[in-house]
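In the text below, chain A, chain B and the rest are named by the order of the sequence lines, each starting its count at 1. All values reported here derive from a predicted model rather than from experimental measurement.
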Amino acid sequence: MVTEDRYKVAGRLMLLRSQGKISFGDLRDQFGSIQLFVRSNEVEDFALFNSLNLGDWIGVEGRIGKTKKGELSIFVESFTLLARAERNFGDKWHGVSDTDTRYRQRYVDLWANPASRETFAKRFKMISLMRRFLEDRGFFEVETPILHPISGGALAKPFVTHHNALDANFYLRIAPELYLKRLIVGGFERVFEIGRVFRNEGISPRHNPEFTMLELYQAYVDYSDIMNLVEELLCYLAVELNGSLEIEYQGKTLDFRRPWRRATLEELASESLGYEISLETPFEKLVDIAKSLSIKIEPEWGPGKLVLEIYEATTEHRLWNPTFVMDFPVEVSPLARDHRSKAGRVERFETIVAGRELANAFSELNDPREQRRRFMHQVEMGRAGDDEAMSMDEDYIRALEYGLPPTGGLGIGIDRLAMLLCDASQIREVVAFPAMRPEVFD
RNA sequence: GCCCUCCUGGCGCAAUGGUUAGCGCAACGGACUUUUAAUCCGGCGGUUCUGGGUUCGAGUCCCAGGGGGGGCACCA
């Protein structure tokens with residue numbers, strides 16, 4: 001019934017059932033719970049044990065065994081109060097459901113709500129698995145600056161900060177892309193970075209102003225190879241974390257079984273509309289279609305932007321199972337390489353899952369003269385009023401002039417991926433400390 | 001930025017416009033030597049987010065503000 005082996009365990013007291021001269025408690029640590037069995041004539045501070053509050057941290061020592069009801073328990077011989085919980089963790093049965101408390105005081109949520117704890121365990125495990133997957137394939141995990149003198153690598157509004165000693169403004173990075181490709185120029189052939197990026201935009205169920213990106217770059221491959229890598233990586237994660245290639249998301253099944261559908265952006269948009277459109281469709285007709293979809297057209301838009309907008313309005317949200325959307329217009333892809341056979345398109349794809357963009361990838365543009373033209377176009381767009389346009393990055397051009405080998409690159413939004421794998425409808429369920437309006441203490 | 005909605009003891013919930021705002025858990029005191037959200041008994045705990053208004057009477061209806069959530073827009 002009770003072994004002679006002595007064990008020491010520490011954790012937090014979650015339940016206490018005092019019953020006269022014996023008491024039962026549930027002790028929980030990182031990995032699980034175990035029942036404590038305490039007898040008044042076997043423990044010196046029996047009264048103190050009964051006066052513990054739920055939430056107190058204690059260390060116990062005793063023998064392991066089973067109670068009469070068969071519950072595995074520690075038969076406590078001594079215990080130590082390690083730290084008091086001066087506040088309690090809410091209803092022991094219902095936990096804490098108030099979202100304000102859950103997001104602002106995640107430490108409470110994690111203890112009070114096991115589901116929240118499981119979600120974050122899964123998220124952290126997912127990131128660990130990604131590292132293992134990539135390291136097994138010869139990728140180096142690297143670090144690049146977060147303070148950028150020029151905001152680049154994506155189309156987004158940056159946060160601005162100031163360095164006093166240099167008396168210069170810096171931007172919190174919106175993407176690590178341009179630095180990672182500099183590392184490829186410098187001779188690292190496979191690199192990845194998992195890190196926070198910052199975009200000064202609205203907060204919504206799918207947007208947190210700081211979020212985590214995986215970006216990777218591999219020399220000597222193109223976007224087709226990257227598609228294969230994305231399939232392999234996501235299937236690996238689905239199986240490791242959810243045990244299946246078919247996962248439940250918001251009450252519907254997502255089928256990750258390979259191969260995933262691959263189709264061009266123009267094909268998919270045409271499919272949605274029920275008639276053919278392409279970059280070659282007369283401009284006025286594209287404008288008419290966009291207007292009929294209530295798209296707010298900006299004067300600086302060309303056919304590429306129009307087709308992209310039409311695709312996003314008609315198609316993206318409908319793509320449920322993983323789909324590779326290929327061959328974006330060059331006009332909206334300033335860092336991607338021209339398509340090898342289709343003028344006006346680049347070798348770029350997005351991976352759409354559950355109607356949302358999960359990954360964005362391309363064969364990297366490595367021609368410095370063409371890159372300069374693309375930047376120039378971005379600068380013009382910026383002058384025309386596009387506050388998400390990229391700036392000229394002379395050093396990046398200079399790096400390309402030293403030679404960037406043919407390279408495939410990929411970015412994956414980790415938070416969105418975690419939402420899928422954790423069946424979360426909101427990004428705040430998978431971001432431990434989501435952005436909130438600063439709390440006022442009075 | 002726009003629209004909708006919510007806010008009641010520490011936590012979870014209740015209260016057709018009508019006494020002194022109830023209940024469970026926690027906390028506090030007590031009973032109990034095999035419990036499983038233990039059970040039983042006792043007392044304590046709330047300016048119903050804030051400020052106005054309508055009303056004989058407001059937790060409830062109206063207005064404004066604060067905070068949260070959902071949706072739209074933008075994006076990842």
Side-chain angles (χ1 to χ4, degrees), chain A residues 1-2 13-26 33-42 46 50-56 65-73 75 84-105 108-109 111-113 153-157 174-175 196-215 294-296 298 309 312-313 316 350-353 356-360 386-388 411-419 425-429 431 434 436-440 442:
Chain A
M1 191 87 135
V2 180
L13 187 66
M14 301 306 290
L15 292 172
L16 182 59
R17 296 177 291 281
S18 158
Q19 183 155 345
K21 295 196 167 56
I22 60 166
S23 287
F24 300 87
D26 288 0
S33 293
I34 189 161
Q35 177 165 272
L36 305 177
F37 181 92
V38 187
R39 215 190 291 264
S40 60
N41 56 11
E42 290 176 358
F46 185 71
N50 286 319
S51 74
L52 291 171
N53 285 353
L54 302 190
D56 285 347
K66 284 192 175 173
T67 60
K68 279 183 185 169
K69 291 283 172 70
E71 178 80 14
L72 185 68
S73 305
F75 290 74
R84 281 195 184 283
E86 293 181 13
R87 299 171 184 259
N88 72 63
F89 281 88
D91 192 289
K92 68 186 178 188
W93 185 242
H94 297 98
V96 175
S97 63
D98 178 61
T99 47
D100 195 41
T101 305
R102 291 187 51 234
Y103 298 154
R104 287 188 194 273
Q105 298 174 250
V108 173
D109 181 40
W111 268 106
N113 301 317
L155 304 170
K157 289 171 224 155
I174 56 173
R196 208 63 57 83
V197 299
F198 308 85
R199 300 190 182 177
N200 207 339
E201 290 155 0
I203 296 172
S204 84
R206 280 168 291 284
H207 298 87
N208 198 55
E210 53 179 300
F211 63 100
T212 305
M213 285 257 288
L214 162 70
E215 285 205 10
S294 352
I295 293 166
K296 284 177 283 180
E298 302 290 338
E309 291 286 332
E312 286 181 349
E316 190 171 272
E350 287 187 355
T351 307
I352 307 297
V353 183
R356 295 205 281 267
E357 179 188 338
L358 189 68
N360 182 20
D386 182 352
D387 54 5
E388 296 187 345
I412 292 181
I414 298 285
D415 311 270
R416 296 258 173 106
L417 180 56
M419 286 171 70
S425 64
Q426 293 181 53
I427 197 167
R428 284 173 162 181
E429 295 295 332
V431 174
M436 305 281 280
R437 192 179 300 273
E439 193 172 1
V440 177
D442 45 22

In terms of the nearest nucleotide of RNA chain B, which residue is placed more toward the 5' end: A/F24 or A/E350?
-> A/F24

Take atom P in B/U47 and the same atom in B/C56, then report the distance between them in whole Å.
-> 28 Å

How would you label the contact of A/K296 with the nucleic acid (heavy atoms, under 4.0 Å): base, sugar-phosphate, or nothing?
-> sugar-phosphate

Given side chains that start at C-beta, do those of A/T212 and A/D415 come closer than 4.5 Å, heavy atoms only?
-> yes

Short side-chain N/O contact to B/C74 OP1/OP2 from A/R206, under 4.0 Å = no

Would you mind classifying the nucleic acid contact of A/G55 as base, sugar-phosphate or nothing, using non-hydrogen atoms under 4.0 angstrom?
-> nothing

Would you call A/V96 and A/R102 a side-chain contact if the rule is heavy atoms closer than 4.5 Å?
-> yes

What distance, rounded to whole Å, do you find between the two C1' atoms, one in B/G42 and one in B/U60?
-> 33 Å

Base, sugar-phosphate, or nothing: which does A/R39 touch, judged by heavy atoms less than 4.0 Å apart?
-> base

Have a look at A/F37 and say if it touches a base, only the backbone sugar-phosphate, or nothing, with a 4.0 Å heavy-atom cut-off.
-> base

Span that lies between the C1' atom of B/G45 and that of B/G29, in whole angstrom | 15 Å

Rounded C1' spacing from B/G9 to B/G71 in Å | 33 Å

Tell me what A/E357 touches on the nucleic acid: a base, only sugar-phosphate, or nothing, going by heavy atoms under 4.0 Å.
-> sugar-phosphate

Rounded distance (nearest 0.5 Å) linking atom CZ of A/F37 with atom CD of A/E71 | 12.0 Å

Is any side-chain N or O of A/N53 closer than 4.0 Å to OP1 or OP2 of B/C28?
-> yes

In whole Å, what separates the P atom of B/G17 from that of B/C6?
-> 14 Å

Euclidean distance, A/K157 NZ relative to A/E201 CD, rounded to 0.5 Å = 5.5 Å

Roughly how many Å is it from NZ in A/K157 to P in B/G1, rounded to a whole number?
-> 12 Å

Do the side-chain N or O atoms of A/S97 get closer than 4.0 angstrom to the phosphate oxygens (OP1, OP2) of B/G12?
-> yes

Flag, side chain of A/S73 to backbone of A/F75, donor-acceptor distance under 3.5 Å = no

In whole angstroms, the gap separating P of B/A76 from CZ of A/R416 amounts to 8 Å

Does A/K92 put a side-chain nitrogen or oxygen below 4.0 Å from OP1 or OP2 of B/A37?
-> no

Rounded distance in Å - CH2 (A/W93) to P (B/U39) = 12 Å

B/G12 base / A/D98 side chain donor-acceptor hit below 3.5 Å = no

Of the candidates B/A38, B/A27, B/G12, the side chain of A/L54 sits closest to B/A27

Nearest-nucleotide comparison on RNA chain B, the residue closer to the 5′ end among A/G90 and A/G20 | A/G90

